Amino acid sequence: MMRMTKRFAFYLSPKVPYDFELTVRKPAGWPLFTPFEIYKGGILWTALHIANLLTGLKLRSVGSTEQPSILIDVFLKDIPKSTQKNVIKNLLATKLAADEDLTEFYSMARKDPILKHTLGDLYGMHDTGFAHLFAMATFAISLQMAPLKRSEEMMNCLIKNYGELAEFDGKRVCVWPLAERLAELSPNELSRLCKLGYRAKYLVQLARVLGSGGFPTLEELKQFSPEEAKRKLLELPGIGDYSADILNPHGGFPIDAWSVDVFGKLFYGEQLREGRAAIDKIKAEGIRRWGKWSWMAFLYVAHDLKQLSEKLGTSLRLY
DNA sequence: GCGTCCAGGTCTACC
DNA sequence: GGTAGACCTGGACGC
């Protein structure tokens, strides 16, 4: 366990509109940086590694959707240098999507027969980034070929057993392990303890590739073209088309055995009978309809399934 | 209680 | 380049 002290605070002024709660605490329950973060009374306590530095965060909104402002307290073990402070500030601005402009997406979505229903519920929700690429890849691999409950058990076991426990501001938050930590393990140990099955082998291989430092970070992949970023991600062990679409910082359209049913009903009014064979068809249709906004569209649908079911009079399976 | 199937995919061998 | 089959595990289901 690492005890940390408040070292500095700063404000972020995201682009309008920005709904703090919808963005950091998404309706479908997706966490911001770790499943063990704490949200109470409009305040989020969370933690992640920034440039290998364990960083505790206390975030709250001090503005509104139309005049957004986020106050961030930063907790660290040691007093940071000014360069470290800048790295933390810049990275959090990126992760919290402070510069993301929703204007063009909303303009398209208002005219879209499906997305127009989501805008009222999710107005001001932004696309935040994972703690780091390894965390995101771990998430994607644990989703493969498993019901969501089991995926959650695998992820939580990994984080509890191999992640660091950050103690700050009277809270304790367990963070995603770094690749370097998992790279040392044997797949057998990992498989036995967290019941990862064949995924353990992929995770250790992945940890060794990402832990060596030779692979681009999420922020660096963002500088690639979307196609180049995806090609690079497909080089990673255990990462195929579906997972690469989750990892790609440019956004993809990650259709799997769950989302194929949801989008089948939304696009065609019925669940397609082809099962997994329908994935390519649904994926092509989503990209045809939404193009470069496919990922944002996926996000807005995924976080509004209950309301969409009611508005469109169809039953969309909820997680 | 027991056997079978399959789930929010990916990889490999084989054609 | 296209595709069938294997892969961990555990819950659901039929018997």
Side-chain angles (χ1 to χ4, degrees), chain A residues 26-31 35 127 130 133-158 160-162 182 185-210 215 229-248 251-267 271-287 294-295 297-306 308-309 314-319:
Chain A
K26 293 201 165 57
W30 301 5
D127 175 27
F130 254 68
L133 180 56
F134 181 63
M136 207 167 185
T138 309
F139 169 74
I141 287 177
S142 72
L143 286 178
Q144 295 170 7
M145 285 298 284
L148 191 63
K149 181 170 169 284
R150 189 165 167 236
S151 298
E152 284 174 350
E153 286 168 358
M154 288 188 270
M155 274 186 286
N156 291 349
C157 177
L158 270 176
K160 276 186 179 171
N161 284 285
Y162 303 106
L182 261 72
L185 303 176
S186 82
N188 286 344
E189 177 193 336
L190 206 51
S191 179
R192 199 171 49 247
L193 185 62
C194 292
K195 296 178 177 157
L196 286 156
Y198 67 88
R199 300 169 196 80
K201 181 184 66 186
Y202 291 149
L203 279 184
V204 172
Q205 289 173 352
L206 190 64
R208 288 175 185 161
V209 173
L210 296 182
F215 199 86
K230 183 157 178 177
R231 264 199 301 278
K232 192 71 191 165
L233 287 165
L234 286 170
E235 291 175 11
L236 292 172
I239 301 300
D241 186 73
Y242 165 72
S243 301
D245 273 352
I246 292 180
L247 300 181
N248 197 335
F253 197 58
I255 297 301
D256 54 25
W258 158 69
S259 50
V260 76
D261 288 351
V262 170
F263 286 96
K265 284 182 183 168
L266 289 174
F267 292 162
Q271 191 173 320
L272 300 184
R273 295 181 187 280
E274 302 100 298
R276 286 189 185 278
I279 287 177
D280 288 344
K281 181 176 171 183
I282 294 293
K283 188 163 177 153
E285 177 61 12
I287 291 168
S294 298
W295 170 247
F298 184 95
L299 203 63
Y300 268 63
V301 167
H303 289 291
D304 203 37
L305 286 180
K306 193 174 172 202
L308 266 179
S309 293
T314 183
S315 170
L316 301 172
R317 192 154 56 100
L318 302 175
Y319 309 103

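Chain letters run A, B, ... following the sequence lines, proteins first, then strands; residues in each count from 1. Since this is a predicted model, take the numbers as computed values, not measurements.
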Subject >> Phosphate-side-chain proximity, A:Gln144 and B:dT10, N/O vs OP1/OP2 below 4.0 Å >> reply: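 So the side-chain polar atoms of A:Gln144 do come within 4.0 Å of the phosphate oxygens OP1 or OP2 of B:dT10, strictly under.
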
Using the [atom1] atom as the point on both nucleotides, what is the distance between [M] and [N], in whole Å?
N: B:dC6; M: C:dA4; atom1: P; result: 16 Å
N: C:dC7; M: B:dC5; atom1: C1'; result: 15 Å
N: C:dT3; M: B:dG8; atom1: C1'; result: 22 Å

Subject >> Sidechain N-carboxylate O distance under 4.0 Å for A:Glu235, A:Lys232 >> reply: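 The answer is yes: the pair qualifies as a salt bridge.
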
Original post:
Now, which nucleotide makes the Watson-Crick or G-U wobble pair with C:dC8, with each of the two distances under 3.5 Å?
Top reply: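 Its partner is none (no Watson-Crick or G-U wobble pair with both distances under 3.5 Å).
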
Original post:
With distance as the sole criterion, do the side chain of A:Tyr202 and the base of B:dG9 form a donor-acceptor contact below 3.5 Å?
Top reply: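 There is none.
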
Original post:
Is it the case that A:Ser191 and A:Asn188 place a side-chain donor and acceptor less than 3.5 Å from each other?
Top reply: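 On atom types as modelled, these side chains do not qualify, holding no pair under 3.5 Å.
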
Original post:
Side chains of A:Met154 and A:Arg199: closer than 4.5 Å at any heavy-atom pair?
Top reply: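 Yes, at least one pair of side-chain atoms sits under 4.5 Å.
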
Original post:
Nearest 0.5 Å, what's the CD1-CG distance between A:Ile255 and A:Asp280?
Top reply: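 Spacing of CD1 (A:Ile255) from CG (A:Asp280) equals 10.5 Å.
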
**OP:** For the residue pair A:Phe263 and A:Phe253, categorise the inter-ring angle as parallel (less than 30°), tilted (30 to 60°) or perpendicular (more than 60°).
**Re:**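 Rings of A:Phe263 and A:Phe253: perpendicular, as their planes differ by over 60°.
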
Original post:
What are the two closest heavy atoms between A:Ala28 and A:Ala302, and how far apart are they?
Top reply: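 Looks like CB-O, 4.0 Å.
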
Using whole Å, what does the distance between atom [atom2] of nucleotide [N] and atom [atom1] of [X] come to?
X: A:Ile246; N: B:dT10; atom1: CD1; atom2: C1'; answer: 13 Å
X: A:Tyr198; N: C:dT9; atom1: OH; atom2: C1'; answer: 10 Å
X: A:Arg199; N: C:dC8; atom1: CZ; atom2: C1'; answer: 6 Å

**OP:** Using heavy atoms and a sub-4.0 Å distance, could you list which residues of residues 188-196 of chain A are near DNA chain B? By number, please.
**Re:**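 Contacting residues: none.
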
Subject >> DNA chain B: 5'-proximal contact among A:Leu234 and A:Leu143 (nearest heavy atom) >> reply: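 Between the two, 5'-proximity favours A:Leu143.
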
